[in-house]
Protein chains: 2
Amino acid sequence: MKILIIEDEKALAESMATYLSAEQYFCEFAETFDDAMYKAETFHYDCILLDLMLPGGDGMKILEALKADNKEDGVIIISAKGALEDKIRGLQIGADDYLSKPFHLPELAARIHSLIRRKSFGNNNLFRQNELTIDLLAKTVTVNDAKVVLTKKEYELLLYFISNKNRVVSKTALAEHLSGDVAGILDNYDFLYAHIKNLKKKLTEAGADNYLKTIYGTGYKWQS
Amino acid sequence: MKILIIEDEKALAESMATYLSAEQYFCEFAETFDDAMYKAETFHYDCILLDLMLPGGDGMKILEALKADNKEDGVIIISAKGALEDKIRGLQIGADDYLSKPFHLPELAARIHSLIRRKSFGNNNLFRQNELTIDLLAKTVTVNDAKVVLTKKEYELLLYFISNKNRVVSKTALAEHLSGDVAGILDNYDFLYAHIKNLKKKLTEAGADNYLKTIYGTGYKWQS
DNA sequence: CTTCAATGATGAGGATCTTCATGATGCTAA
DNA sequence: TTAGCATCATGAAGATCCTCATCATTGAAG
């Protein structure tokens with residue numbers, strides 16, 4: 001996975017690279033507007049980290065150029081804190097995410113990871129399996145073109161399943177993922193059972209096959 | 001902040017150190033039971049990452065020795081996945097947290113950060129301010145020795161405030177902290193207002209002063 | 001095959017969270 | 001000082017989530 005770090009603060013760029021390298025990403029740098037524009041237009045990256053404040057020009061122009069070229073590199077905009085207008089404009093032009101300075105490196109890594117996972121589902125952020133369609137961007141689910149309204153937890157479950165399709169996922173992992181309660185010893189999965197039941201019900205009642213198999217004593221498995 | 005990494009898989013230990021160094025921690029290593037026992041008993045660390053599977057002995061004995069010496073180093077147990085018995089036993093003996101292999105480095109960092117923050121509140125995990133007491137470990141809140149029952153969101157808010165006491169915290173930060181919804185553009189703080197109102201109400205009705213001041217146009221500030 | 005215990009499914013109820021409509025309060029400019 | 005606007009507070013209603021009691025299913029032992 002290749003990442004382009006467009007950032008003129010050298011110290012920041014280096015610490016980002018150190019951190020991301022530990023996560024098995026390969027990093028390249030661009031410190032000026034012209035260099036960034038050249039690299040972004042010439043090569044392909046799985047993710048471009050774009051600082052808007054650059055010597056030599058407005059970083060937003062790089063994003064515009066990428067979109068004009070129909071390049072599909074993931075772009076995360078990085079900017080001074082509180083610049084809500086940049087955020088809105090960047091996302092409108094087609095950036096995939098936005099991060100305000102100062103930020104914590106783990107959060108950056110989490111967003112890159114999330115972005116790349118999203119991209120891996122396909123060009124237009126769609127996951128399809130027969131009559132079932134999930135729009136990762138709009139966060140909507142349809143069965144035979146009819147929309148299925150899921151709650152937040154149900155949607156998170158579904159996404160977790162399809163991003164681990166054909167693999168068994170443990171109840172522990174599911175419960176911790178849902179609750180966010182990473183520290184505690186979870187000895188009760190009732191809430192998990194409830195959400196899974198509701199998710200299954202909504203999908204099958206909408207006309208979808210039951211792709212979610214129970215693996216007795218272990219967890220669940222989404223079959224595609 | 002000093003961290004002792006007790007781990008015999010050298011590659012893993014190195015990537016942990018690389019990652020944690022980027023977060024401004026200083027890391028030391030121990031690869032064997034004897035070395036680990038010596039360093040843990042001799043020096044002080046803000047956090048000890050303890051792999052239970054060590055050449056030369058059972059890692060749990062190191063934890064026991066630390067507790068017998070009344071050492072207050074934070075300890076996070078790291079062990080093969082699914083070993084729930086280890087988890088329970090380790091936490092009973094006095095470990096502060098538990099992480100199953102394999103894990104993601106950002107999660108490790110998050111737990112270390114959380115642990116150190118907890119420790120910084122005091123030896124016995126208590127935060128006191130006049131008639132108000134918060135037990136970080138039991139996650140309970142009392143006013144004049146009467147227990148106040150808070151919901152999860154209310155408790156998270158309170159903790160966020162006191163860990164930023166005497167500083168103004170923005171509504172954006174609060175809302176993102178509460179919702180976990182880091183990506184979206186939050187333009188609605190109604191849920192935040194609701195939780196803050198309920199938190200304030202519970203505390204004042206229990207007899208506590210109102211330490212939470214509204215900073216018009218910006219956010220809130222907890223005064224101590 | 002039958003029994004039994006462990007695991008998972010289900011519906012209902014209560015707790016919690018979010019949204020909405022409305023009212024109160026603080027800022028700013030005339 | 002007051003009018004007007006933006007911001008914040010509040011109570012209530014609705015949506016979502018979690019818990020509980022009960023029932024169904026699975027796998028293993030006899």
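This is a predicted model, so every value here is computed, not measured. Numbered from 1 within each chain, the chains take letters A, B, ... in sequence-line order.
- Here A/K197 lies in heavy-atom contact (under 4.0 Å) with a base.
- Under the rule for a side-chain hydrogen bond (donor to acceptor under 3.5 Å, both in side chains), the partners of A/S224 that lie at least two apart in sequence or sit in another chain are A/N166.
- Taking atom CG on B/L174 and atom C1' on D/dA9, their separation rounds to 16 Å, with Å as the unit.
- We find that NZ of A/K202 is positioned 11 Å from P of D/dA15, with the value rounded to whole Å.
- With contacts defined as side-chain heavy-atom distances shorter than 4.5 Å, the pair B/E154/B/V148 does not qualify.
- At D/dA9, one or more side-chain N or O atoms of B/K200 fall inside 4.0 Å of OP1 or OP2 (strictly under the cut-off).
- Between the P atom of D/dA9 and the CG atom of B/N198 lies a distance of 12 Å, rounded to the nearest Å.
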task = Take A/F161 and A/I196, measure what side-chain contact (heavy atoms from CB on, under 4.5 Å) needs, and give me the verdict at the end.
result = CA-CA 11 Å; A/F161 284 132; A/I196 285 179; 4.3 Å; yes

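- Side-chain contact between A/L52 and A/L54 is absent, with no heavy-atom pair separated by less than 4.5 Å.
- Computed from coordinates, the B/L192 CG to C/dC17 P distance equals 13 Å when rounded to whole Å.
- One interatomic measurement links the two molecules: CG of A/L199 to P of D/dT16, which rounds to 14 Å at whole-angstrom precision.
- Residue B/T214 places at least one side-chain N or O under 4.0 Å from the OP1 or OP2 atom of D/dA9.
- Using a 4.0 Å heavy-atom distance criterion, B/I215 is classed as a sugar-phosphate-only contact.
- Nucleotides of DNA chain D nearest to A/A194 and B/K171 differ in position, and the one nearer the 5' end is that of B/K171.
- Taking for each of A/T151 and B/Y216 the nucleotide of DNA chain D with the nearest heavy atom, the 5'-most of the two is the partner of B/Y216.
- D/dT19 atom C1' lies 7 Å from atom CG of A/D190, rounded to whole Å.
- Between B/K201 atom NZ and D/dT10 atom P there is a gap of 9 Å when expressed in whole angstrom units.
- Rounded to an integer number of Å, the gap from CG of A/L178 to P of D/dC18 is 7 Å.
- Side-chain N/O atoms of A/Y220 include one lying less than 4.0 angstrom from OP1 or OP2 on C/dA9.
- A distance-only check finds no donor-acceptor pair linking the side chain of B/Q129 to the backbone of B/I134 [under 3.5 Å].
- Remark: A/Y193 is not in phosphate contact with D/dT25, judged by side-chain N or O atoms under 4.0 Å from OP1 or OP2.
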